[in-house]
Amino acid sequence: MGGYAEEKQRQLDIRYLKMARIWAENSYCVRRQVGALIVKDKMIISDGYNGTPSGFENICEDDMGLTKPYVLHAEANAITKVAKSANNCDGATLYITASPCLECSKLIIQAGIKRVVYGEKYHNEDGLDLLKRVGIECTYIEVE
């Protein structure tokens, strides 16, 4: 990509990350709210935020303030939402407010996502390392 195309892509990346951050506000989680968007062919094909599975009460933390083990991560919610649609993630870009964990990175790989843009670094980089190992482009953009 040339300079202009690269800058245009960066501006789009920033916009989608800002949208993912707004989407994160839908989460009922107290400890951390994370949002995700999946974009394919310049269209948002899915969205997600961290929370409990369908049919569960919208309480993410236990009495000790720890995240319940069945809470889904934002990217897992976005990917599984695509599975219920007529679309697929092949070649798509995932925009996520925080870098993915190892478990979600496995889903990202299997879903065919080719690019991940994230706005916050997760405390553990194992997920990013796995994505890079299989050639998925990972881009960190700090958004104000």
* Asked: So, Lys40 side chain and Asn88 main chain: donor-acceptor pair closer than 3.5 Å or not?
  -> yes
* Asked: Is it true that atom CD of Gln110 has more than 12 heavy atoms of other residues, nucleotides or ligands lying nearer than 6.0 Å?
  -> no
* Do any N or O atoms from the side chain of Asn124 and from the backbone of Asp126 form a donor-acceptor pair under 3.5 angstrom? -> yes
* Asked: Do Trp23 and Thr97 pass the side-chain contact (heavy atoms from CB on, under 4.5 Å) test, and can you show the C-alpha distance, the side-chain angles, and the key distance before you say yes or no?
  -> CA-CA 10 Å; Trp23 202 244; Thr97 56; over 6 Å; no
* Asked: Taking C-beta and beyond as the side chain, do Gln33 and Tyr49 meet within less than 4.5 Å on heavy atoms?
  -> no
* Structure fact -> Distance col, row Lys81:NZ vs Cys89:SG, nearest 0.5 angstrom, shows 12.0 Å
* Pair Glu57 + Lys68, salt bridge at N-O below 4.0 Å -> yes
* Asked: Tell me, do Tyr122 and Cys101 make a side-chain contact under 4.5 Å, heavy atoms counted?
  -> yes
* To do: Spell out, yes or no, whether Val34 and Ile44 are grouped together once hydrophobic residues are joined by side-chain heavy atoms under 4.5 Å, including indirect joins.
  => no
* To do: Might you confirm whether atom OH of Tyr4 has over 12 heavy atoms from other residues, nucleotides or ligands at distances under 6.0 Å?
  => no
* Got a salt bridge between Arg115 and Asp13, using NZ or NE/NH1/NH2 to carboxylate O under 4.0 Å? -> yes
* What is the distance from atom CG of Leu128 to atom OH of Tyr140, rounded to the nearest 0.5 Å? -> 11.5 Å
* Would you call Ile14 and Ile141 a side-chain contact if the rule is heavy atoms closer than 4.5 Å? -> yes
* **Close side-chain approach of Glu120 to Arg32, heavy-atom, < 4.5 Å** => yes
* **Residues Leu72, Thr52; criterion side-chain contact (heavy atoms from CB on, under 4.5 Å); working and verdict** => CA-CA 6 Å; Leu72 287 157; Thr52 56; over 6 Å; no
* List in chain and number order the residues that pass side chain to side chain donor-acceptor pair (under 3.5 Å) with Glu61, two or more places apart in sequence or in another chain; answer none if no residue qualifies. => none
* Quick one: do Val116 and Thr139 satisfy side-chain contact (heavy atoms from CB on, under 4.5 Å)? Show the steps, please. => CA-CA 6 Å; Val116 174; Thr139 305; over 6 Å; no
* Ser105 side, atom OG; Glu125 side, atom CD - distance, nearest 0.5 Å -> 11.0 Å
* Structure fact -> The reported gap from NZ in Lys84 to OG in Ser46 (rounded to nearest 0.5 angstrom) is 10.5 Å
* To do: Flag the pair Ile113 / Ile79 as yes when at least one side-chain heavy-atom distance between them is below 4.5 Å, and no otherwise.
  => yes
* Asked: Cluster question for you: counting only ILVMFWY and a side-chain heavy-atom cut-off of under 4.5 Å, with indirect links fine, are Tyr95 and Val82 together?
  -> no
* **Flag if over 12 foreign heavy atoms under 6.0 Å of NZ, Lys18** => no
* To do: Check whether any side-chain heavy atom of Thr93 lies under 4.5 Å from a side-chain heavy atom of Glu137, and answer yes or no.
  => no
* Work out which heavy atom in Gly35 is nearest to a heavy atom in Ala24; give both atom names and the distance. => N-CB, 3.3 Å
* Asked: Looking at side-chain heavy atoms only, is the closest gap between Cys60 and Val30 below 4.5 Å?
  -> no
* **Verdict with supporting geometry, Leu131 and Ile109, side-chain contact (heavy atoms from CB on, under 4.5 Å)** => CA-CA 7 Å; Leu131 295 176; Ile109 292 165; 3.8 Å; yes
* Asked: Are Val134 and Leu130 in one and the same hydrophobic cluster, where Ile, Leu, Val, Met, Phe, Trp and Tyr link if side-chain heavy atoms are under 4.5 Å apart?
  -> yes
* Atom NZ of Lys8 and atom CD of Gln11: how far apart are they, to the nearest 0.5 Å? -> 11.0 Å
* Is Ile38 reachable from Leu12 through a run of hydrophobic residues whose side-chain heavy atoms are each under 4.5 Å from the next? -> no
* **Close side-chain approach of Asn50 to Tyr28, heavy-atom, < 4.5 Å** => no
* From Leu37 atom CG to Asp47 atom CG, the distance as rounded to the nearest 0.5 Å -> 6.5 Å
* Asked: According to a 4.5 Å side-chain heavy-atom criterion applied to Ile, Leu, Val, Met, Phe, Trp and Tyr, with indirect links allowed, do Leu94 and Ile136 form part of one hydrophobic cluster?
  -> yes
